[in-house]
Protein chains: 4
Amino acid sequence: MTEPLKIGLIGTGRIGQVHAASIAALPGLALHWVCDPFLESAKSTAERFGGAQVTADPADVLSSGDVDAVIVASPTPTHVDLIDAAIDAGLPVLCEKPIDLDIERVDGLREKARRAATPISLGFNRRFDPHVAELRRRVGAGDIGGLEQLTITSRDPAPPPGEYVAVSGGIFRDMTIHDFDMARFFVPDIVEVTARGARQFSAEIAAEGDYDAAVVTLRGASGELVTITNSRHSAYGYDQRIEAFGDAGMLQVGNVGPTVVRSYGASSVEAQGPYHNFFLERYSDAYRLELVAFAAAIRGDEQTNPGFEDGRAALILADAAARSAAEGVSVEIDPNA
Amino acid sequence: MTEPLKIGLIGTGRIGQVHAASIAALPGLALHWVCDPFLESAKSTAERFGGAQVTADPADVLSSGDVDAVIVASPTPTHVDLIDAAIDAGLPVLCEKPIDLDIERVDGLREKARRAATPISLGFNRRFDPHVAELRRRVGAGDIGGLEQLTITSRDPAPPPGEYVAVSGGIFRDMTIHDFDMARFFVPDIVEVTARGARQFSAEIAAEGDYDAAVVTLRGASGELVTITNSRHSAYGYDQRIEAFGDAGMLQVGNVGPTVVRSYGASSVEAQGPYHNFFLERYSDAYRLELVAFAAAIRGDEQTNPGFEDGRAALILADAAARSAAEGVSVEIDPNA
Amino acid sequence: MTEPLKIGLIGTGRIGQVHAASIAALPGLALHWVCDPFLESAKSTAERFGGAQVTADPADVLSSGDVDAVIVASPTPTHVDLIDAAIDAGLPVLCEKPIDLDIERVDGLREKARRAATPISLGFNRRFDPHVAELRRRVGAGDIGGLEQLTITSRDPAPPPGEYVAVSGGIFRDMTIHDFDMARFFVPDIVEVTARGARQFSAEIAAEGDYDAAVVTLRGASGELVTITNSRHSAYGYDQRIEAFGDAGMLQVGNVGPTVVRSYGASSVEAQGPYHNFFLERYSDAYRLELVAFAAAIRGDEQTNPGFEDGRAALILADAAARSAAEGVSVEIDPNA
Amino acid sequence: MTEPLKIGLIGTGRIGQVHAASIAALPGLALHWVCDPFLESAKSTAERFGGAQVTADPADVLSSGDVDAVIVASPTPTHVDLIDAAIDAGLPVLCEKPIDLDIERVDGLREKARRAATPISLGFNRRFDPHVAELRRRVGAGDIGGLEQLTITSRDPAPPPGEYVAVSGGIFRDMTIHDFDMARFFVPDIVEVTARGARQFSAEIAAEGDYDAAVVTLRGASGELVTITNSRHSAYGYDQRIEAFGDAGMLQVGNVGPTVVRSYGASSVEAQGPYHNFFLERYSDAYRLELVAFAAAIRGDEQTNPGFEDGRAALILADAAARSAAEGVSVEIDPNA
């Protein structure tokens, strides 16, 4: 066995824990540093997953000379600076989405990111979901001919707390951004964004001036139409579906539950138990597999994780959607700008 | 349009009503006589479906010189005599199953039936169900290669009343007989019957010495294995499924409901509403289509309805199953006897 | 039995044939007059379905004093005049959609239609599809709580001929119009239309300046979001699906095929045979049931068929969609105008 | 973290590899000894999974004083002696099924196994499949009322090589034995076995006097009927389904594939890609979870793995099935003997 890659984990919130667990389970990776301004959280995470050095300061990790790569799972406002510092330290970095809520801050780092010698990966983990990956593979293999329409349904089980909504950047930058990346996984060049938002159920979200539901239509450079349907709640659990329609057929990824048990009774038949509750369960494989891909890139393989440009492109679509929804106009995008 | 065929209907119980409705809906058939010892029932049936001559005596219908065919939907003990009389009258006859509960009475008519110049059809309507017919067509077309295993699940929503059970001839002759015919639709020559019965829930059925559940294994002349699973109750409605397994694949007919609406909620997802409640709803198309086939045979086309020999063969399997269940032995059958 | 209603059928094209067949199969209706400028077509239709008086001139039917109602299945440009004449003749009328391609012509008849003493029904037959009707019933019964999002997928198996496209009024007025009515079946008051069209595969349709694919987002008066996805072709047959999403759950109507046979082989499992090929097969029940409802209205029951105002409202949505698609702006609608 | 349990693995064939991989992936277990008469295989297995001591002689492992438990994945004829030796060494043992092909050898160890102070687990891993476990949980929770019928479909993708068939003990002891244990997972006390075997496709299997297909009907002590349908080949892959039918409803576990992608094309719709190819893929979770349960038992928790008595009971059912199939009689079993 080759030596495991030493990983520095920055941020030990919900996603940080997921990454720590994946690192512990993967033979090729080792948790070496854990960083969180709440040092107690860093310590308990390190302990839970087999031990690691801990610090409250990311600079300790980056300057340690003792890690092969860093994973950034800290709050969004820290992302740009940490990516920047990782580049300077010559360390591969996997950063959670979004790069930032402000496209100008993103653009400020763009040129440096483009020239970086080390891999910069964005945490659009859904691309690594085995169902999505197989769908993408089959579309790429021509199973449906030319892709004409992509239909993404994405509904969260329940809205986030109001205080989170207030700093989230709005539904398009916070929630739809995953769907924008999914759209770009199939249709990389988007040239037009049309979005409608609605306030259907949450007074709290409305009070923040945000939408709790949205429909977005994207147009691809080759005339593809992509539809995204969002809601911030879903009585039947996390709803994550994709349909790819082409001139030769259609492929679907439906929802996934913990088991395939079906029940038959007096009031209903063929009923399946609830789907996976939310993204940690639904995309558990995806979180693990994105680290596998990141590890390969660290070791010198071609990068298959989405990168800085993908993070920037998704944010541009989110900004355009916000403007389209506000003004009632379709917004053109130059995918090469 | 050619003149509709004049049909004499003998028996106006539940199945008689179904046939009367089918006759009324089919342009090629006309209800011309309706016969029932309860003359009021004959009258109301005739009136409901557009008028017809009525009588309490089947002989009036058979000797009228005024019908092209008769449908026998009267109680089982009358079947042999009415088929016999229809042959004498030179009239095609569609008789409900079974021919009789006593194989000796059936055999007494066998030679005459074999020599009859007019079509004798048995009411094994399930062969005409569009789903079953398509399954049979595809098996016949070789879609699964050679047929090796046939799995029939057949559960009634609720048991019949005790007084009916008492005269029914037992589960194998009354309920499984449809499944025996279904088995023979795919595997005409059965050479061995193994059956196990159980008393699982009905004290009433047990009191009659009958089973409320059964499993039957048949062996075909080419080594095919057929499994029939029966229950006299089913909390989720009428359960009617068939699987045909061959060396090149498998084909299934699942259950059917009134609509395809599926519901998604907090406790279950993908739930369909209840299936068709019982045979009148589930096999409504089949009842109509068996009359279409019968009409074609009356007009001189080749008979596609199951005939006298099919009715006899199913009864022989039922008798063998009853003996196998009682004695705990497999029973050999000579399909050419 | 009460006397069947005498129906005059005007127009014997594809839909006219469907109506003639339904009339022949329904005991409460009789085909009494058949009218077509191609008198031979009128004659052959009359003969095929049991005989009727024939004429090339609709006026003969309307003035005959010999029909209880008329069904208008002639080309679109004749609809306004024939509805007008039916009102004058005091005859209930079921007219195929659309009323006209020109909203001004529709509005010219509006006041007279509103005051008409006799039922005016529009042929939006899909409302009578048993699956759709059950979905509507369950949404109305509160099974999903308040309706928030409605997702309609509607793809034709293959595009119409170029000469038809040229006079069709464009995809929104010709094809989407059924989906607009479906949207209004669930969300009667639409206040905003946003549409994007695309030219994805048909040079012929593009040459007519029309779209071969479209996505429409509607907003209802209570904030509901409705998404319609259209394509003029579909490799896997007629695609007709509806999802109704509410705060308490979701209900779906999926596609329907001729049988439920599923196949299992080396390259795929759980595969169903092709869906119903097109609307005549998919909506055969709906065509019959809309006549049943029309007959009830003729006999004095409350009208359940969509009426003149429904036909007008769908056309207004189509016009708005065409404008939205052309100009890249959302278009507001006053549902009470 | 508590110290991982040191495991000695005896046998490095196909199943041995599976266990080695599970041990490597589970934080609570460590591969400490690897034993195989082919020492090279022991060495390469040890190396592949992170290193361990190796030997060709199981006695080295058992007497090492250096393991917490052993896993026996060596050929069937060695099982009885190795379980015996593990008891003597005071080591918990997880032994692959079957204990032996000869019930007399099993009975020879029975009393000693019963008195053993350390856990003896049998490798009926399917009980730990998450789908099966959830089915069992829901049946136990009364979701279907009282269990009346259990239907097990179990078909292998392809027959084993002839040389394996020759020493396998026959289909009932080799293949159906898993289904017998599954039956007993739901209906522990079986009182009657009725089996029919067939030779449907494999001349090689027939030449060994074995069956390539079988149907078994079991009767439980409370009158339950269990049906097992087997085939040694399946064109559509590994077929592993269970239905539990009770007086209040039915629960099903269907087949499972690598992804939920469904395809829609001109010749079929709703088609899923092939199922998991065979047991290593289908039951990968089960193999891991049975080790988790074994580890818990080693640490002193109550044993949830099936034990020696379960291994013996399954063999008794297999012997009875073989006799029933040969003689054409139902065979009674005393579940308390």
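Chain letters run A, B, ... following the sequence lines, proteins first and then strands; every chain starts at 1. Note that this is a predicted model, so its numbers are computed, not measured.
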Neighbours of chain A found in residues 187-224 of chain C - heavy atoms under 4.5 Å: C:Glu192, C:Thr194, C:Arg196, C:Gly197, C:Ala198, C:Gln200, C:Phe201, C:Ala213, C:Ala214, C:Val215, C:Thr217, C:Arg219, C:Gly223, C:Glu224
Between atom OG1 of C:Thr229 and atom CD of A:Glu243, what is the distance when rounded to the nearest 0.5 Å? 8.5 Å
Apply side-chain contact (heavy atoms from CB on, under 4.5 Å) to A:Val329 and C:Glu327, showing your working. CA-CA 9 Å; A:Val329 295; C:Glu327 302 180 9; over 6 Å; no
Does A:Gln149 use its side chain to pair, donor to acceptor, with the backbone of C:Asn230 at less than 3.5 Å? yes
Where on A:Thr151 is there a heavy atom nearer than 4.5 Å to chain C: the side chain, the backbone, both, or neither? side chain
Under a 4.5 Å cutoff for heavy-atom pairs, which residue among A:Ala248, A:Ser234, A:Ala235, A:Ser330 has the most contacts with chain C? A:Ser330
Nearest 0.5 angstrom please: A:Arg155 CZ to C:Met250 CE, how far? 6.0 Å
Pick whichever of C:Leu225, C:Thr227, C:Asp239 has the most heavy-atom pairs under 4.5 Å with chain A. C:Leu225
Among residues 253-275 of chain A, those lying within the under-4.5 Å heavy-atom range of chain C are none
Looking at chain C, which one of A:Gly246, A:Ser231, A:Ser324 has the largest number of heavy-atom pairs inside 4.5 Å, strictly under? A:Ser231
